Amino acid sequence: MSVDFETFFSSKLHYSLRNLIAESYCKHELFDAYMLSVCDGGTMWAGHPRDFNWSALEGRRLLSHNRFFDNTVYNELVKRNLAPKINYSSWECTANLTSYICNRRALDTAVEFLFGVKVDKSARANADGKHWPNDFSESERATMLKYASQDAVWCYRLWEKYGEQWPEIERRLSTQTINQGMRGVQINTELLNDYIVQSHEVKANTEKVLPWLADPEDDGSWNEEFDPKPTSTKCIAEQCRRVGIPSPPVKSTEGEEVFEEWEILYGPKHPWIAALSSWRSLNKLYKTFVLMKSRLRDDGTMPFGLKYMGAHTGRWSGAERVNLQNQRKKPLLVNEIGLMEIDENRIDAALLDKKRLGKFPGWVKYSLDFRALIIPRPGKIMIVSDLAQIEPRVLAWLCGNTVLLDMIRGGLSVYEAFSRANMGYVGGKLDKDSDFYKLIKIQVLGLGYQAGWEKFVTIAAAGGIDITKDDPEWIEVPDPHTGETKKISGYGKRSREIVADFREKNPKLVKFWADLDSSFKRSIGSDFIVTLPSGRKLSYRKVRSSIRLTADKNGRPVKKWVFLGESDGRHKICYGGKLTENVIQATARDIFGAHLIALEDAGHTVLYSSHDEAICECAPETTAEEIELIMSRCPDWIEGLPVAAEARIVPHYTK
DNA sequence: GCAAGATGCGCC
DNA sequence: AAAGGGCGCATCTTGC
């Protein structure tokens, strides 16, 4: 039986689900659920909730398109004595169903894709700011009832036609995810209040360093010509002009390194450069803290959003503006002058002090640690557990690299095993701090998805290795046309060698890329569908090819064929390595999904998850080993994969 | 006044 | 021959 509520909203008053999470929206004084529509295929009903025969839902399986919302509305009605408590048997979400079936969440786009029918959503847009029934004309009321019924009908049809294609485990993951968000997490509210005050103060200090905001009694030149906002690009450009330095390079187009060079060159002389970056970080934190406070329940817990099948590969994604999957790992430290500390070495040293001595060095005035805000409920403990190198393991399994898997099963670390099984290393036990070990690690992480030598230079740099430092200035190569020897730049020589060597020694992997690549290209004109080991399917629709203009090394334009497939409503370039990455990520997600359900079956509460990490709230007697054991299980559909996990009891969410 | 695009920040 | 990373969200600018 599908259930769909229509409620008052007003974009003018900023009272809508755009601005508020469902629970805050329902708690609000403006909340009014004025219409309910239900459909069980045979019968249809739409009207005011007060006129509904609620007992019709008793013992039934309920369906909603976005159950998080409709379930929250229903709970609120019960709380306000506007609806009775019903014992329904389950409540499924058809938005999650269609995300699984076709990566479309919204009702209209899903129905259009799956049924080829355009659903008219204009009635809802037309209800913006209107109170029921007085603000609706006679005909508008009829339209609204029809619209509500139509949504309930489509919700039911989606379930009727596609429900069976949704495997049991996925259905449970969907339900688990929605329950997680509705259950929420316990927040250290005292600390949150502190953080709000502190982050606001540091933000204000930072604004004083920005010349266009700093002096309210300046000559007025900022206010006259510019709109002085904290991160205004116009103000930044003008400031650069005034002090005679070039404008900052754009990170996304000119590269992180180029920006860093600029920063190193001009940062020390111009404190506002660092302040700009700090302000963005602080503002993000401050806004998040304030939002969290607004969502707190009386018991100090906070609901949150998490999207089942949020990403094309099936991974979960954050939602509702407080995204538990992308909060900073390291605390933000406030230094002796009341600003955000930016010296990474100093920060790391301070964090080490804290870890070893239990307290920060004197210069740390305050620490803003987002993760410290999330604590276990009273009488419970928190156990954080994450899968050990799941993606390289899955990659090895899919490529049939049994030698490597056997070594891992025998107890070697993934990287040590790789050096022996695939790179020809035969020496003694590797030292984890050695450059050789680091190099192996970045190869495993970086080269498995077909990165080229230039990309590998940046991957290595991110891993702390300058792979170009021993490159010769010049190398001599024969010209293919004349046969004469010519000199070319030696930059990247080492990187090229590593990449070539890696590929030579991993023929199964190279073949895996090539096979995926060629089957993708063969599906031009139709959809490319990969069946994952779990049985789940990954789709790339409407595969086509297209010509792109790029520059060769001399800057001359070159035409290049690329191949594209549609996912998440956009055509994206696909190639063997990229497809491999997707397949691996999706498979790792399925394995992790099995763990999430197993944890639940063992009686643990999974508060939420983050890609390969499960955050659990458990009975106090639970041990980390119990969790580790469950997280190390290997699903029967990927037999022989050595799965491993680490778990630890923590006072609060941490990494 | 709104939507879309560009840019940045944070995680895995 | 090589080969854009994914996600969400805030801020600011520009175009309609």
Side-chain angles (χ1 to χ4, degrees), chain A residues 11-12 18 226-237 248-256 259 276-288 290-291 304-307 309-330 332 340 370-371 386-387 389-391 445-456 458-459 462 480 492 496 499-500 503 510 513-514 516-517 520 548 550 552-553 558 560-564 567-568 570-582 584-586 588-589 592 609-613 653 655:
Chain A
S11 42
K12 207 177 236 174
R18 269 186 100 82
F226 306 92
D227 191 9
K229 289 174 183 166
T231 61
S232 160
T233 42
K234 279 179 162 181
C235 290
I236 296 166
V250 179
K251 281 185 199 174
S252 45
T253 53
E254 291 166 72
E256 198 103 11
F259 180 85
L276 208 51
S277 227
S278 295
W279 189 90
R280 290 193 182 104
S281 299
L282 283 159
N283 186 52
K284 179 171 151 73
L285 260 188
Y286 172 71
K287 284 282 168 75
T288 308
V290 170
L291 200 54
F304 60 86
L306 194 60
K307 248 191 253 165
M309 285 271 156
H312 173 233
T313 54
R315 297 225 291 210
W316 283 261
S317 67
E320 309 290 341
R321 298 160 74 205
V322 179
N323 181 348
L324 295 184
Q325 291 190 333
N326 75 346
Q327 298 301 335
R328 59 183 310 128
K329 231 154 72 167
K330 282 185 197 173
L332 186 157
M340 170 180 163
F370 176 92
R371 297 186 180 211
D386 65 319
L387 293 174
Q389 313 93 19
I390 187 67
E391 294 194 9
L445 296 173
L447 296 181
Y449 303 132
Q450 215 179 350
W453 71 269
E454 283 176 299
K455 177 97 176 145
F456 187 65
T458 57
I459 292 171
R496 286 173 210 257
V499 172
R503 294 182 183 177
V510 173
W513 298 336
L516 265 178
D517 196 67
F520 183 79
R548 289 288 150 97
T550 55
D552 70 3
K553 52 181 177 288
V558 198
K560 190 177 90 169
W561 279 102
V562 292
F563 297 81
L564 307 108
S567 58
D568 293 326
R570 277 207 321 261
H571 266 96
K572 296 174 194 165
I573 293 176
C574 295
Y575 56 91
K578 166 79 17 210
L579 294 166
T580 303
E581 189 185 11
N582 285 181
I584 300 306
Q585 192 183 99
R589 175 270 181 207
F592 181 56
S609 62
S610 185
H611 310 304
D612 63 352
E613 174 188 63
Y653 179 41
K655 185 62 183 280

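Fair warning: this is a prediction, and the values are worked out from it, not measured in the lab. The chains referred to below are lettered A, B, ... by the order of the sequence lines, with proteins before strands, and numbering in each begins at 1.
Applying the side chain to side chain donor-acceptor pair (under 3.5 Å) test to A:S317 and every residue at least two apart in sequence or in another chain returns nothing. In this structure A:E581 satisfies the salt bridge (Lys or Arg N to Asp or Glu O under 4.0 Å) test together with A:K578, sequence neighbours excluded. With sequence neighbours left out, the side chain to side chain donor-acceptor pair (under 3.5 Å) criterion links A:E613 to A:Y653. Among residues two or more places apart in sequence or in another chain, the side-chain contact (heavy atoms from CB on, under 4.5 Å) test is passed with A:A237 by A:R241, A:S247. For A:P248, the side-chain contact (heavy atoms from CB on, under 4.5 Å) partners at least two apart in sequence or on another chain are A:I236, A:C240, A:F259, A:W262. Considering only residues two or more places apart in sequence or on other chains, A:Y286 meets the ring pair (Phe, Tyr, Trp, His ring centres under 6.0 Å) condition with A:H200. Among residues two or more places apart in sequence or in another chain, the side-chain contact (heavy atoms from CB on, under 4.5 Å) test is passed with A:H611 by A:R315, A:Q325.
Phosphate contact (OP1/OP2 of B:dT7, side-chain N/O of A:T233, threshold under 4.0 Å): absent. For B:dC9, the OP1/OP2 oxygens have no side-chain nitrogen or oxygen of A:S281 closer than 4.0 Å. Contact check, A:S232 against C:dC12: no side-chain N or O comes under 4.0 Å of OP1 or OP2. OP1 or OP2 of C:dG4 sits under 4.0 Å from a side-chain N or O of A:Y575.
Per the geometry, CG belonging to A:N283 stands 20 Å off P belonging to C:dG8, to the nearest Å. Taking atom NZ on A:K234 and atom C1' on B:dT7, their separation rounds to 16 Å, with Å as the unit. In this structure, A:L447 places its CG atom 14 Å from P of C:dG5, rounding to the nearest Å. Atom CD of A:Q585 is separated from atom C1' of C:dG5 by 8 Å (rounded to the nearest Å).
For residues 318-327 of chain A, proximity to DNA chain C is found at A:G318, A:A319, A:E320, A:R321, A:N323, A:N326, defined as any non-hydrogen atom under 4.0 angstrom from a strand atom.
The listed nucleotides are C:dT11, B:dC9, C:dG6; the one nearest the side chain of A:H611 is C:dG6. For A:D517, counting side-chain heavy atoms from C-beta on, the closest listed nucleotide (B:dC12, C:dA3, C:dG4) is C:dA3. Closest to the A:K329 side chain, of the nucleotides C:dG8, B:dC12, C:dA10, is B:dC12. Of the candidate nucleotides C:dG4, C:dG5, B:dC11, B:dC11 has the atom nearest to the side chain of A:R328. For A:R371, taking side-chain heavy atoms from C-beta onward, the closest of the listed nucleotides B:dC11, C:dA3, C:dT13 is B:dC11. Of the listed nucleotides (C:dG4, B:dG10, C:dA3), B:dG10 has the atom at the smallest distance from the side chain of A:K284. Closest to the side chain of A:K572, out of C:dC7, B:dC9, C:dC12, is C:dC7. The listed nucleotides are C:dC7, B:dC12, C:dA3; the one nearest the side chain of A:A311 is C:dC7.
Within the nucleic acid shown, A:T313 has no heavy atom closer than 4.0 Å to any nucleic acid atom. The residue A:N582 sits apart from the nucleic acid: no heavy atom pair falls under 4.0 Å.
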Return the polar atom pairs (N/O with N/O) between nucleotides 1-5 of chain B and the protein under 3.5 Å, or none.
none

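To the nearest 0.5 angstrom, A:N582 atom CG is 8.0 Å from A:K572 atom NZ. The distance from the CD atom of A:E320 to the CG atom of A:L306 is 10.5 Å, given to the nearest 0.5 Å. Put simply, CZ on A:F520 and OH on A:Y575 are 12.0 Å apart, with the number rounded to the nearest 0.5 Å.
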